Colleague: 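Sharing a structure, written as structure tokens. Questions coming.
These numbers come from a predicted model, not from an experiment. Basis for what follows: all heavy atoms, side chains included, without hydrogens, waters or symmetry-related copies.
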Amino acid sequence: GWVGRPPYLAWPVRRSRTTGENDVRSRLWRVVARSSGLRSCTLIGDMSLPRRTFLQASGGLAVALLGGCLEDAFCSDDEWPEGIIPSAEYVPSSLSIAVFEVRSTSVFLWTSATQAATARVFLQARGQCSTFDLGALDLTETTGFAGFIFATGLAPNTRYRFRVTADTAESSWAYFSTAPSLEEASDVHFLISADIGYDVETYDVFAVMGAHRADFYLNIGDWPYADKLPTPARTLAEFRDRHHAVRSPVEIQAFLAGSPVYAIYDDHDIADNWTSDFENRDSERLLAGLQAWDEYFPLGRPERYRKWHWGCNADFFMLDTRRYRSPNRQVDDESNTMLGSRQKDWLLAGLRESDAVFKLIITSVPLDFIGSIDSWESFATERDSIFRFITQEKIANVVVLTGDRHYFDAHHHANGLREYMFGPLAAGLGNPPDTQAPEVTERLLIRNYGECLISGAPPVLTIRCRDVSGAIRFEETIVAT
């Protein structure tokens with residue numbers, strides 16, 4: 001079980017009345033549970049965190065109250081599904097659920113309600129009849145009727161499920177598996193795409209994706225299109241409405257009940273082609289959009305760029321290509337930046353220090369060959385310096401995954417780097433350049449998603465582009481060197 005650690009941490013957050021910033025103090029509380037693997041844990045004291053390290057919850061409140069272990073609650077011998085529940089069998093509830101940011105020992109468990117509610121969160125490990133009561137979340141108008149619990153102390157490479165109850169309502173179970181430990185050479189199987197909007201007739205593609213039973217789904221932006229129909233969102237309430245609307249289809253709810261998610265915003269989550277200077281032009285709109293995004297995609301930290309491992313075969317580097325970016329039309333010299341100095345230093349250090357077989361960089365905008373100023377093409381100086389660093393440091397097996405342009409592309413860069421561009425998943429098609437560069441080895445103007453698999457010894461990365469029916473339209477393999 002729990003290796004002598006409690007299954008979660010409490011992260012109470014208090015919002016300052018004067019500054020509106022979040023002050024964080026976490027306390028590891030005493031837990032007494034009558035289940036195998038967890039006997040008791042005593043209070044070990046306060047852990048004060050720096051002001052810039054915080055859990056940002058809905059409306060600035062993170063409620064994660066500790067509870068006990070219920071030996072009989074939700075105990076059954078029903079089979080745990082490996083993939084999603086088919087949308088035809090999924091029972092919608094007034095309580096929505098989702099799983100975010102799975103690590104080997106931690107996860108964010110998210111829920112939202114259609115009205116004010118006090119929601120209790122329950123967690124269960126496969127093969128154990130005991131259910132852990134993680135406590136209560138107050139879902140109010142202030143929090144946008146959404147909230148999450150950050151659960152830690154989980155076992156690596158283990159199947160879990162969680163559910164939420166409130167008054168007479170209860171959610172379905174949401175299923176997920178924790179990542180393997182850093183030393184484990186496990187297969188990695190994930191899906192990736194972008195662009196989930198409102199202007200599609202059906203969301204059946206989510207059932208198609210769920211059938212893959214992948215470890216997780218990566219979304220690289222534009223979910224939702226907050227700056228589009230019916231009118232661009234400008235207030236916190238309007239941004240919340242956009243997020244709620246695109247989470248409401250039963251196909252998406254069923255998918256989220258069986259597939260953990262990692263996500264990053266792109267432009268349409270806030271405003272078309274926004275960059276760092278947008279804060280000076282419309283700070284209220286930007287802050288409202290970022291708060292709503294954090295409420296629906298919890299990270300527990302102010303920086304949205306991050307790294308995670310999936311065993312020793314893959315390190316993932318999720319970039320934030322919006323918040324720190326210079327204006328798109330700025331002169332491209334050494335001062336022009338897509339990432340900002342801090343994020344760039346973090347990326348280069350992470351690549352150099354990574355012992356993973358494959359290093360996967362996720363960027364919401366492509367590196368080249370798409371003919372848009374809203375891409376790395378406007379930041380070629382910084383982009384090329386990253387290319388040189390990878391070459392000079394002899395960093396092998398770096399692959400770039402991207403989206404944004406609403407068609408599929410496969411790029412073989414002159415330096416040997418491979419880049420694959422996915423999407424749209426549920427939005428309109430894009431407009432590729434009239435001329436296709438020789439480095440573009442495949443281009444498909446279709447709705448699509450990517451399926452990526454790292455397996456074998458030595459490990460091989462297989463990249464597939466599938467259309468919305470699930471048919472393979474492109475496949476390429478990269479043997480680790």
Colleague: Kindly say whether Ser186 contributes a backbone atom to a donor-acceptor pair with the side chain of Asn313 at under 3.5 angstrom?
Modeller: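 It does hold such a pair.
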Colleague: Does Ala245 have any side chain to side chain contact (heavy atoms under 4.5 Å, CB included) partners at least two apart in sequence or in another chain, and if so, which?
Modeller: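 Side chain to side chain contact (heavy atoms under 4.5 Å, CB included) check on Ala245 returns Tyr198.
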Colleague: Report the residues that fulfil side chain to side chain donor-acceptor pair (under 3.5 Å) with Glu284, sequence neighbours left out, ordered by chain and then residue number.
Modeller: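 Glu284 satisfies side chain to side chain donor-acceptor pair (under 3.5 Å) with no other residue.
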Colleague: Is there a side chain to side chain contact (heavy atoms under 4.5 Å, CB included) between Thr143 and Phe148 once you walk through the steps?
Modeller: CA-CA 11 Å; Thr143 70; Phe148 64 81; over 6 Å; no
Colleague: I'd like to know if the side chain of Arg447 reaches the main chain of Pro424, judged simply by a donor and an acceptor atom lying under 3.5 Å from each other, with no hydrogens or angles considered.
Modeller: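 Such a contact is absent between Arg447 side chain and Pro424 backbone.
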Colleague: Just so I know, are the side chains of Thr363 and Trp376 near enough to count as touching, which here means a heavy-atom distance under 4.5 Å?
Modeller: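 SC-SC contact between Thr363 and Trp376 confirmed.
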Colleague: The test is ring-ring contact (aromatic ring centres under 6.0 Å, His included); show your working for Trp308 and Tyr262 and say whether it passes.
Modeller: CA-CA 10 Å; Trp308 71 91; Tyr262 302 82; 4.1 Å; yes
Colleague: Could you walk me through whether Glu303 and Arg323 pass the salt bridge (Lys or Arg N to Asp or Glu O under 4.0 Å) test, one step at a time?
Modeller: CA-CA 9 Å; Glu303 296 87 5; Arg323 191 71 178 88; over 6 Å; no
Colleague: Report the relative orientation of the aromatic rings in Phe278 and Trp274; use parallel for angles under 30°, tilted for 30 to 60°, perpendicular for over 60°.
Modeller: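 The rings of Phe278 and Trp274 sit tilted, inter-plane angle from 30° to 60°.
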Colleague: Any donor and acceptor pair, going by atom type alone, linking the side chain of Asp133 with main-chain N or O of Phe122 inside 3.5 Å?
Modeller: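 Flag not set: sc Asp133 to bb Phe122 has no pair under 3.5 Å.
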Colleague: With under 30° as parallel and over 60° as perpendicular, where do the rings of Trp223 and Phe206 fit, or are they tilted in between?
Modeller: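 Judged by the thresholds at 30° and 60°, the geometry between Trp223 and Phe206 is tilted.
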Colleague: When you measure from the side chain of Ser93 to the backbone of Glu170, do you find a donor-acceptor pair of N or O atoms at a distance under 3.5 Å?
Modeller: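 It does hold such a pair.
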Colleague: In terms of the angle between their ring planes, are Phe150 and Phe108 parallel, tilted or perpendicular, with boundaries placed at 30° and 60°?
Modeller: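 Plane angle between 30° and 60°, so tilted.
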Colleague: Apply side chain to side chain donor-acceptor pair (under 3.5 Å) to Asp204 and list each qualifying residue two or more places apart in sequence or on a separate chain.
Modeller: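 With neighbours one apart ignored, the set is Thr202.
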Colleague: With heavy-atom distances below 4.5 Å as the criterion, would you say the side chains of Arg161 and Arg126 are in contact?
Modeller: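 Heavy-atom side-chain distance check fails, nothing below 4.5 Å.
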Colleague: Assess the side chains of Arg159 and Ser177: does a donor N or O sit below 3.5 Å from an acceptor N or O?
Modeller: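 Side-chain D/A pair, Arg159 to Ser177: present.
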Colleague: What's the spacing between Met421 CE and Ile370 CD1 if we round to 0.5 Å?
Modeller: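 That separation rounds to 7.0 Å.
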Colleague: The test is side chain to side chain contact (heavy atoms under 4.5 Å, CB included); show your working for Ile196 and Asn219 and say whether it passes.
Modeller: CA-CA 9 Å; Ile196 303 174; Asn219 183 272; 3.6 Å; yes
Colleague: Could you tell me which non-hydrogen atom of Phe162 sits nearest to which non-hydrogen atom of Leu109, and how far apart they are?
Modeller: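 In terms of heavy atoms, the two residues are closest at CD2-CD2, 3.6 Å.
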Colleague: Could you tell me if the ring centre of Phe255 sits under 6.0 Å from that of Tyr203?
Modeller: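 Ring centroids of Phe255 and Tyr203 are no less than 6.0 Å from each other.
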Colleague: So does His268 get a backbone contact from the side chain of Asp222, meaning a donor-acceptor N/O pair under 3.5 Å?
Modeller: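 Yes; at least one donor-acceptor contact below 3.5 Å.
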Colleague: List the steps, then state whether salt bridge (Lys or Arg N to Asp or Glu O under 4.0 Å) holds for Arg304 with Asp294.
Modeller: CA-CA 9 Å; Arg304 285 100 182 167; Asp294 286 332; 2.6 Å; yes
Colleague: Using the ring of each side chain (for Trp, its six-membered ring), is Phe474 parallel, tilted or perpendicular to Phe408, with breaks at 30° and 60°?
Modeller: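 If you compare the ring of Phe474 with that of Phe408, the planes turn out tilted.
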Colleague: Could you tell me whether the side chain of Thr178 and the main chain of Thr158 form a donor-acceptor pair under 3.5 Å?
Modeller: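 Flag set: sc Thr178 to bb Thr158 pair under 3.5 Å.
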Colleague: Do Thr114 and Ser94 have a side chain donor and acceptor closer than 3.5 Å?
Modeller: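 No, no side-chain donor-acceptor contact under 3.5 Å.
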Colleague: Say whether, by atom type as modelled, one donor and one acceptor occur between the side chain of Asn157 and the main chain of Ala179 under 3.5 angstrom.
Modeller: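 No; judged by distance alone, with no hydrogens or angles, the pair does not exist.
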Colleague: Distance from Phe132 atom CZ to Leu154 atom CG, nearest 0.5 Å?
Modeller: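 Output value for this atom pair is 9.5 Å.
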Colleague: So which of Leu351, Leu360, Ile362 actually passes side-chain contact (heavy atoms from CB on, under 4.5 Å) with Phe317?
Modeller: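 With Phe317 as partner, Leu351, Leu360, Ile362 yield a single side-chain contact (heavy atoms from CB on, under 4.5 Å), made by Leu351.
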Colleague: Is any side-chain heavy atom of Leu339 less than 4.5 Å from a side-chain heavy atom of Trp346?
Modeller: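 A side-chain contact under 4.5 Å is absent here.
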Colleague: Look up atom CZ in Arg322 and atom CD1 in Ile270, then write down how far apart they are to the nearest 0.5 Å.
Modeller: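 Result: 10.5 Å between the selected atoms.
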Colleague: With a 4.5 Å limit on heavy-atom distance, are the side chains of Phe316 and Val188 in contact?
Modeller: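 Side-chain contact under 4.5 Å: yes.
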Colleague: Quick one: pull up OG in Ser364 and CD1 in Ile264 and give me the separation to the nearest 0.5 Å.
Modeller: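 Ser364 atom OG to Ile264 atom CD1 measures 7.0 Å (nearest 0.5 Å).
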Colleague: Please name all residues satisfying side chain to side chain donor-acceptor pair (under 3.5 Å) with His406, sequence neighbours left out, ordered by chain then number.
Modeller: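 If we apply the side chain to side chain donor-acceptor pair (under 3.5 Å) test to His406, skipping adjacent residues, the hits are Asp195, Tyr225.
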Colleague: Could you tell me the separation between the CD atom of Glu238 and the OG1 atom of Thr231, rounded to the nearest 0.5 Å?
Modeller: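 Those atoms lie 5.5 Å apart.
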Colleague: Between Ser354 (side chain) and Gly350 (backbone), is there a donor-acceptor pair under 3.5 Å?
Modeller: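 A pair under 3.5 Å: no.
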Colleague: Assess whether side chain to side chain contact (heavy atoms under 4.5 Å, CB included) is satisfied between Tyr420 and Leu401, documenting all intermediate values.
Modeller: CA-CA 5 Å; Tyr420 303 91; Leu401 305 175; 4.2 Å; yes
Colleague: For the residue pair His243 and Glu295, establish whether any side-chain heavy-atom pair is separated by less than 4.5 Å.
Modeller: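 Side-chain contact under 4.5 Å: no.
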Colleague: Would you check, one step at a time, whether the test side chain to side chain contact (heavy atoms under 4.5 Å, CB included) holds for Met318 with Leu218?
Modeller: CA-CA 10 Å; Met318 181 80 87; Leu218 279 173; 3.8 Å; yes
Colleague: Sequence neighbours excluded, which residues qualify as side chain to side chain contact (heavy atoms under 4.5 Å, CB included) partners of Ser96?
Modeller: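 Counting only residues at least two positions away or on another chain, Ser96 forms a side chain to side chain contact (heavy atoms under 4.5 Å, CB included) with Trp110, Ser112, Gln253.
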Colleague: Measure from NZ or CZ of Arg247 to the centre of the six-membered ring of Phe297 and say whether it is under 6.0 Å with the direction within 45° of the ring axis.
Modeller: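 Cation-pi check for Arg247 and Phe297: passes.
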Colleague: Is any side-chain heavy atom of Tyr217 less than 4.5 Å from a side-chain heavy atom of His212?
Modeller: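 A side-chain contact under 4.5 Å is absent here.
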Colleague: Can you tell if the side chain of Arg418 reaches within under 4.5 Å of the side chain of Leu461, non-hydrogen atoms only?
Modeller: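 No, side chains not in contact.
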Colleague: Taking side chain to side chain donor-acceptor pair (under 3.5 Å) as the test, write out the residues that go with Thr118, two or more places apart.
Modeller: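 With neighbours one apart ignored, the set is Asp138.
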Colleague: If you round to the nearest 0.5 Å, how far is CD of Gln124 from OG1 of Thr131?
Modeller: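 CD of Gln124 is found 4.0 Å from OG1 of Thr131.
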Colleague: Does the pair Asp315 and Lys359 meet the rule for a salt bridge (Lys or Arg N to Asp or Glu O under 4.0 Å), with working shown?
Modeller: CA-CA 5 Å; Asp315 277 353; Lys359 297 86 175 170; over 6 Å; no
Colleague: For His189, does the NE2 atom sit with more than 12 other heavy atoms under 6.0 Å from it, leaving out its own atoms?
Modeller: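 Yes, enclosed.
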Colleague: Start with the C-alpha distance between Asp374 and Arg405, add both sets of side-chain angles, then the distance that settles salt bridge (Lys or Arg N to Asp or Glu O under 4.0 Å), and finish with yes or no.
Modeller: CA-CA 10 Å; Asp374 189 47; Arg405 304 310 300 170; 5.2 Å; no
Colleague: For Tyr265, run the ring pair (Phe, Tyr, Trp, His ring centres under 6.0 Å) check against Tyr296, Trp293, Phe239 and tell me which one passes.
Modeller: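 Going through Tyr296, Trp293, Phe239 one by one, the ring pair (Phe, Tyr, Trp, His ring centres under 6.0 Å) with Tyr265 is satisfied by Trp293 alone.
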Colleague: Taking the side chain as every heavy atom from C-beta outward, state whether Asp404 and Thr402 have any pair of such atoms under 4.5 Å apart.
Modeller: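 No, too far: nothing below the 4.5 Å cut-off.
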Colleague: Ignoring hydrogens and geometry beyond distance, is a side-chain donor-acceptor pair present between Asp320 and Gln343 at under 3.5 Å?
Modeller: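 On atom types as modelled, these side chains do not qualify, holding no pair under 3.5 Å.
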